[in-house]
Amino acid sequence: MIINIKSEKRTQLIDITSDIQDAVRSARIDEGLCYVFVPHTTAAVTINENADPDVRTDIKTILNKMIPWEGGYRHIEGNSAAHMKTSLVGSSELVAIENGKLVLGTWQGIYFCEFDGPRARKVVLKLMRAPSEK
Ligand code: ZN
């Protein structure tokens with residue numbers, strides 16, 4: 001299963017929790033696991049606060065401070081910073097499903113992390129039903 005995303009900014013955190021929850025609902029899985037994978041070298045996925053949008057802003061600000069766009073990198077394409085951020089944040093998350101819902105804390109959301117947008121992107125979902133579920 002694929003979720004298509006169109007990022008609009010160079011660096012952007014996009015809340016994809018409801019898209020993933022919709023996929024879980026459509027698959028009618030009560031108990032299981034949801035594997036979320038981003039098949040790109042300059043985009044990632046993370047789980048973090050969904051209430052205060054300043055947290056997302058702070059994540060972007062700190063990543064940009066840690067890994068500035070200009071840093072004497074060798075990669076000729078000019079987007080080494082985006083590659084570094086992607087490796088740091090990671091390409092996948094695994095979330096439990098219980099009673100048909102993603103098991104997330106009250107303040108947690110799943111974020112697609114664009115580090116070299118705007119671009120058309122994909123998120124791969126693999127939904128696994130618990131063996132005990134009929
Ligand atoms: Zn590159």
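Whatever order the structure lists them in is the order used to number ligands and atoms, beginning at 1. As the structure is a computational prediction, the values presented were derived from the model and not from experiment.
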Inset, instruction - Taking the Zn ion (ligand 1) as the vertex, measure the angle between atom NE2 in H83 and atom NE2 in H75; round to 10°. - result: 100°

Legend entry - From D19, V45, V123, residue fulfilling side-chain contact (heavy atoms from CB on, under 4.5 Å) relative to F112: V123

Inset, instruction - In plain terms, say whether K9 and E114 are close enough for a salt bridge, that is, a side-chain N and a carboxylate O under 4.0 Å apart. - result: no

Inset, instruction - For the Zn ion (ligand 1), decide whether E77 has an N, O or S atom at a distance under 2.8 Å. - result: yes

Inset, instruction - Taking atom types as modelled, find out whether T46 and N48 have a side-chain donor-acceptor pair closer than 3.5 angstrom. - result: no

Legend entry - Residue pair R56 / T61, side-chain donor-acceptor N/O under 3.5 Å: no

Legend entry - Heteroatom N/O/S of S80 within less than 2.8 Å of the Zn ion (ligand 1): no

